[in-house]
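Structure record follows, encoded as structure tokens.
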Amino acid sequence: MPLSSLPLHALHARVTGWYREAGRELPWREPDCSPWGIFVSEVMAQQTPLSRVEPAWREWMQRWPTPAALAAAAPGEAVRAWGRLGYPRRALRLHEAATAMVQRHAGQVPATPEELLALPGVGGYTAAAVACFAFGIPEVVVDTNVRRVLARTLEAKEYPAPALTRAERDLAAHAMPAERHTANAWNVAVMELGALVCVARGPRCEACPVADLCAWNAAGRPAHEGPPRRGQAWRGTDRQVRGVLLQRLRDAHADVHVDLLHDAAADRAQVMRCLDSLVTDGLVEPLADDRFRLPA
DNA sequence: GATTCGTGGTC
DNA sequence: TGACCAAGAAT
């Protein structure tokens, strides 16, 4: 694959310089933020905009400031405190990860990418991000923002592939500065550029620090080629019904009889199927007499 | 590799 | 208004 002739050192300097001026002040970016705080922020940020993460993160950290504090709580309390951040299995896995930290890592967030990757709810992105942002390890951090920025600046494409490819990982590794300190600065800065300027729709190229270096911009910002990207179905899906059921169980601070859940969707069979799947996932605990609650 | 999994904001 | 999308992970 031909690599772009774009001068990477200029790209690094421009993006990191822009970040110093325009990067957001977020609580998990403060120098005194604990690895646990960074870990929680990364899990909450999976598929959830940071604007919605920040208030939830503050409440969470005040209530459970350490892995041990969360591990000592009931998993259902984590699910309830998760609120409407979405994908509530993340709350359960965060609780499981805290338990694993207590059992295997002396109550600390592990500091190596391999140990991080072994934790529930931690994939390649989150392991790299925590290793980099919490421990200064120059891992290749590739999220949706990085993928989009690199697709545009280096490959003249409006959007990256639907799923992360090996070629993209190689490109991201190639694009990252070699020196450790610079690499860490690059990782957070290029993500932020994708989040604030090089956004998916309506990119603000006039405000971009590397507009004159960007291959996509130079090519006249050609539209996406290939098959249209599949949206995320929602209306009438199990996800929607699961969301309704879980919201009711969060709001009810006691167990609930199944008769009060039947109207979560028009199709009663779907309601029961979703309730069963929530139990299978460990998000809901079945009790006697057809009653349900968040897991104790 | 393709699917599934919440929720809310934006245009 | 409805499609798109957001610091992805698990199966």
* Asked: Reckon A:Val122 touches a base, only the sugar-phosphate, or nothing at all at heavy-atom distances under 4.0 Å?
  -> sugar-phosphate
* To do: Remember a base hit wins even if backbone is also touched, and classify A:Arg166 as base, sugar-phosphate or nothing at under 4.0 Å, heavy atoms.
  => nothing
* Asked: Distance between the C1' atoms of B:dT7 and C:dT11, in whole angstroms?
  -> 22 Å
* Asked: Counting side-chain heavy atoms from C-beta on, which of C:dA7, B:dG6, B:dT7 comes nearest to A:Arg52?
  -> B:dT7
* Asked: Which is true for A:Ala163 with a 4.0 Å heavy-atom rule: it touches a base, it touches only sugar-phosphate, or it touches nothing?
  -> nothing
* To do: Ignoring backbone atoms, establish whether A:Tyr87 has a side-chain N or O less than 4.0 Å from OP1 or OP2 of C:dA10.
  => no
* Could you go through the ring-ring contact (aromatic ring centres under 6.0 Å, His included) check for A:Trp36 and A:Trp64 one step at a time? => CA-CA 10 Å; A:Trp36 170 242; A:Trp64 297 305; 9.1 Å; no
* Test side-chain contact (heavy atoms from CB on, under 4.5 Å) applied to A:Trp186 and A:Tyr19, step by step -> CA-CA 9 Å; A:Trp186 162 258; A:Tyr19 177 78; over 6 Å; no
* Asked: What residues, two or more places apart in sequence or in another chain, satisfy salt bridge (Lys or Arg N to Asp or Glu O under 4.0 Å) together with A:Arg248?
  -> A:Asp263
* Within this structure, what is the CZ-to-P distance between A:Arg84 and B:dT7, rounded to whole angstrom? -> 5 Å
* Across the strands shown, which category fits A:Gly86 at heavy-atom distances under 4.0 angstrom: base, sugar-phosphate, nothing? -> base
* Can you tell me, in whole Å, how much space there is between the P of B:dT3 and that of C:dA7? => 24 Å
* Report yes if a donor N or O on one partner sits less than 3.5 Å from an acceptor N or O on the other, where the partners are the side chain of A:Gln46 and the base of C:dA10; otherwise report no. => no
* Structure fact -> A:Arg201 has its side chain closest, among C:dA7, B:dT10, B:dC5, to B:dT10
* Considering only B:dC5, B:dG9, C:dA6, which nucleotide approaches the side chain of A:Arg242 most closely? -> B:dC5
* To do: Please report the closest heavy-atom contact between A:Ala265 and A:Val271, naming both atoms and the distance.
  => N-CG2, 3.5 Å
* **Distance in angstrom units between A:Trp82 CH2 and C:dA9 P, rounded** => 12 Å
* Asked: A:Arg93 or A:Leu26: which one's nearest nucleotide on DNA chain C is closer to the 5' end?
  -> A:Leu26
* Take the protein atom CG of A:Leu50 and the nucleotide atom P of B:dT7, then report the distance between them rounded to whole Å. => 19 Å
* Exercise: do A:Tyr87 and A:Arg239 side chains pair donor with acceptor under 3.5 Å -> yes
* Are side-chain N/O atoms of A:Thr112 and A:Glu115 paired as donor and acceptor at under 3.5 Å? -> yes
* Structure fact -> Closest to the side chain of A:Asp143, out of C:dA7, B:dC5, B:dT7, is C:dA7
* Atom pair distance, as rounded to whole Å: CD in A:Gln240 and P in B:dG8 -> 12 Å
* Separation of C:dA6 C1' from A:Gln47 CD (nearest whole Å) -> 6 Å
* Under-3.5 Å donor-acceptor pair between A:Thr48 side chain and B:dG6 base -> yes
* Hey, which sits more toward the 5' end of DNA chain B by its nearest nucleotide, A:Asp281 or A:Pro49? => A:Asp281
* To do: Round to the nearest Å and state the distance from A:Leu85 atom CG to B:dC5 atom C1'.
  => 14 Å
* Asked: Between C:dG8 atom C1' and A:Gln232 atom CD, what is the distance in whole Å?
  -> 11 Å
* Check every strand shown and say whether A:Pro162 touches a base, only sugar-phosphate, or nothing at a heavy-atom separation below 4.0 Å. => nothing
* Judged by modelled atom types alone, do A:Arg90 and A:Gln46 share a side-chain donor-acceptor pair under 3.5 Å? -> no
* Asked: Phosphate oxygens OP1/OP2 of C:dA7: is one of them under 4.0 Å from a side-chain N or O of A:Arg148?
  -> no
* To do: Considering only atom C1', compute the distance from C:dA6 to B:dC5 and round it to an integer number of Å.
  => 14 Å
* Nearest whole angstrom, please: distance from the P of B:dG9 to the CH2 of A:Trp234. => 14 Å
* Touch check for A:Tyr159, heavy atoms < 4.0 angstrom, all strands: base, sugar-phosphate only, or nothing? -> sugar-phosphate
* Asked: Which listed nucleotide (C:dC4, C:dG8, B:dT7) is nearest to the side chain of A:Thr126?
  -> C:dG8
* To do: Could you work out the separation of B:dG1 and C:dA10 based on their C1' atoms and round it to a whole Å?
  => 14 Å
* To do: Have a look at A:Gly194 and say if it touches a base, only the backbone sugar-phosphate, or nothing, with a 4.0 Å heavy-atom cut-off.
  => nothing
